[in-house]
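Below are the structure tokens for one structure; questions will follow.
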There are 2 protein chains.
Amino acid sequence: MFQGEYTNNMDDKGRVNIPASFREVLLKNYDDPSIVVTRDPYAPCLRAYPQREWKRLLTKVLARSSNDRAVIAFKRTVVSSAQEYAPDKQGRVLIPQNLRDYANISKGTVFVGSLDTFEIWDVSAWEAQLASSLSLLQDMDLDF
Amino acid sequence: MFQGEYTNNMDDKGRVNIPASFREVLLKNYDDPSIVVTRDPYAPCLRAYPQREWKRLLTKVLARSSNDRAVIAFKRTVVSSAQEYAPDKQGRVLIPQNLRDYANISKGTVFVGSLDTFEIWDVSAWEAQLASSLSLLQDMDLDF
DNA sequence: CGGTTAGTGGGTAAAAGTGGGTAGCTTATT
DNA sequence: AATAAGCTACCCACTTTTACCCACTAACCG
């Protein structure tokens with residue numbers, strides 16, 4: 001399971017290192033180092049799926065009527081941008097320009113574990129998000 | 001499965017390069033590099049079908065009563081414009097003028113994977129579409 | 001302190017994408 | 001029917017991008 005928060009730097013070529021602990025989860029729990037990266041439609045960040053989780057999501061999508069407007073919109077935003085990446089020998093992946101733009105990633109990059117997926121944020125966007133999530137939680141008083 | 005988003009430029013002769021990863025899907029999953037390109041009736045873009053998917057669609061159309069008004073309209077818009085294209089040695093296809101006009105494609109061209117087909121957009125039309133799909137999704141709250 | 005592992009930077013060969021010339025076909029014109 | 005004009009497919013050459021490899025630094029751990 002992906003958990004924890006790690007900050008890595010994207011280099012000039014657009015490559016970022018996947019945190020070692022996430023790579024380990026991919027290998028141990030999923031037997032496959034490659035991931036699918038897409039836009040997250042609900043926040044300005046990217047979401048990375050292990051292959052198996054991505055396929056699970058796709059079967060759910062395909063089960064729905066294909067001319068459902070929401071399904072079309074989902075395909076356009078999420079499936080469209082989905083691309084499979086195998087990390088290089090150093091454990092890095094190349095994030096393409098369109099996804100970098102979407103998540104506003106320039107250099108400082110934050111990897112955030114989210115159990116069966118993980119998120120990729122620009123560092124300042126992440127800080128903003130974190131602050132607002134915190135204050136939201138404080139108002140809601142969940143009894144965890 | 002076609003997924004991912006790629007931007008290529010159409011040259012002065014009207015040729016665009018099919019992204020390498022899509023060509024690979026055509027060869028690997030469909031054993032046939034050629035595609036059928038038509039108008040997409042629901043959005044100002046073109047839709048490319050692998051031969052097999054196109055035939056599947058046609059059998060569905062033929063199963064319907066041929067004087068169904070929707071079927072007639074479908075034939076007029078989609079079937080009429082459907083044409084088969086085999087990429088040249090460099091992996092490019094020539095998009096004819098009438099289809100270019102329909103999708104407003106002049107130079108910057110975006111290829112958008114949509115699982116068993118892919119879409120071809122003008123770059124600025126695509127950006128507009130993406131933005132509206134995003135806001136649609138945020139309102140709808142799909143539980144994917 | 002040495003050794004190991006994570007993270008970073010950069011060179012280079014291959015692949016993907018782009019531009020343009022030319023021959024051959026189709027279509028138009030006299 | 002012959003010639004001209006335009007289009008298209010094919011070929012070759014060039015540029016850009018990406019994948020892969022190697023080397024270095026910094027952090028962690030015994």
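Lettering of chains follows the sequences in order, A, B, ..., and the numbering in each one begins at 1.
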* Check whether the side chains of A:S21 and A:Y6 place a donor and an acceptor atom closer than 3.5 Å, and report yes or no. =>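 Distance-only check passes for A:S21 and A:Y6.
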* To do: Find the distance A:Y85:OH to D:dT18:C1' and express it as a whole number of Å.
  =>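 So the OH-C1' distance, A:Y85 to D:dT18, works out to 12 Å.
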* To do: Report the C-alpha distance between A:R39 and B:E5 in whole Å, list the side-chain angles of each, state the deciding distance to 0.1 Å, and finish with yes or no for salt bridge (Lys or Arg N to Asp or Glu O under 4.0 Å).
  => CA-CA 11 Å; A:R39 298 184 181 99; B:E5 182 190 323; 2.6 Å; yes
* Asked: A:Q97 CD to C:dG17 C1': how many Å, rounded?
  ->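 These atoms are roughly 17 Å apart.
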* **Distance in angstrom units between B:K89 NZ and D:dA13 P, rounded** =>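 After rounding, the reported distance stands at 12 Å.
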* Asked: Is any NZ, NE, NH1 or NH2 atom of the basic residue among B:D11 and B:R92 found under 4.0 Å from an Asp or Glu carboxylate oxygen of the other?
  ->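 A salt bridge is present here (some side-chain N lies under 4.0 Å from a carboxylate O).
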* Asked: Rounding to a whole Å, what distance do you find between A:R92:CZ and C:dG9:C1'?
  ->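 The answer, rounded to whole Å, is 7 Å.
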* To the nearest 0.5 Å, tell me how far B:R15 CZ sits from B:N8 CG. =>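 With rounding to 0.5 Å, CZ (B:R15) is 13.0 Å from CG (B:N8).
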* Asked: Is any side-chain N of the basic residue among B:E119 and A:K75 closer than 4.0 Å to the acidic one's carboxylate O?
  ->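 A:K75 and B:E119: not salt-bridged.
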* Asked: Using a heavy-atom distance cut-off of less than 4.0 Å, which residues of residues 98-110 of chain B contact DNA chain C?
  ->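 Residues of residues 98-110 of chain B under 4.0 Å from DNA chain C: none.
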* **Nearest-angstrom distance from the residue atom CD of A:Q83 to C1' of C:dA16** =>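 Whole-Å distance recorded here is 13 Å.
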* Rounded off to whole Å, could you give me the CG-to-P distance for the A:D88 and C:dA6 pair? =>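 Whole-Å distance recorded here is 14 Å.
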* Asked: Is the number of heavy atoms from other residues, nucleotides or ligands under 6.0 Å of B:D101 CG greater than 12?
  ->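 Counting neighbours around CG of B:D101, more than 12 heavy atoms of other residues, nucleotides or ligands fall under 6.0 Å, so yes.
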* With side chains defined as the heavy atoms from C-beta onward, is the minimum distance between B:Y85 and B:P96 less than 4.5 Å? ->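 With C-beta onward as the side chain, the pair touches.
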* Asked: Does anything in residues 1-28 of chain A reach DNA chain D, meaning a heavy atom under 4.0 Å, and if so which residues?
  ->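 Close to the strand are A:K13, A:R15.
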* Asked: Got B:E84 and B:Q51 here, is their nearest side-chain heavy-atom distance under 4.5 Å?
  ->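 They are in contact (side-chain heavy atoms under 4.5 Å apart), so the answer is yes.
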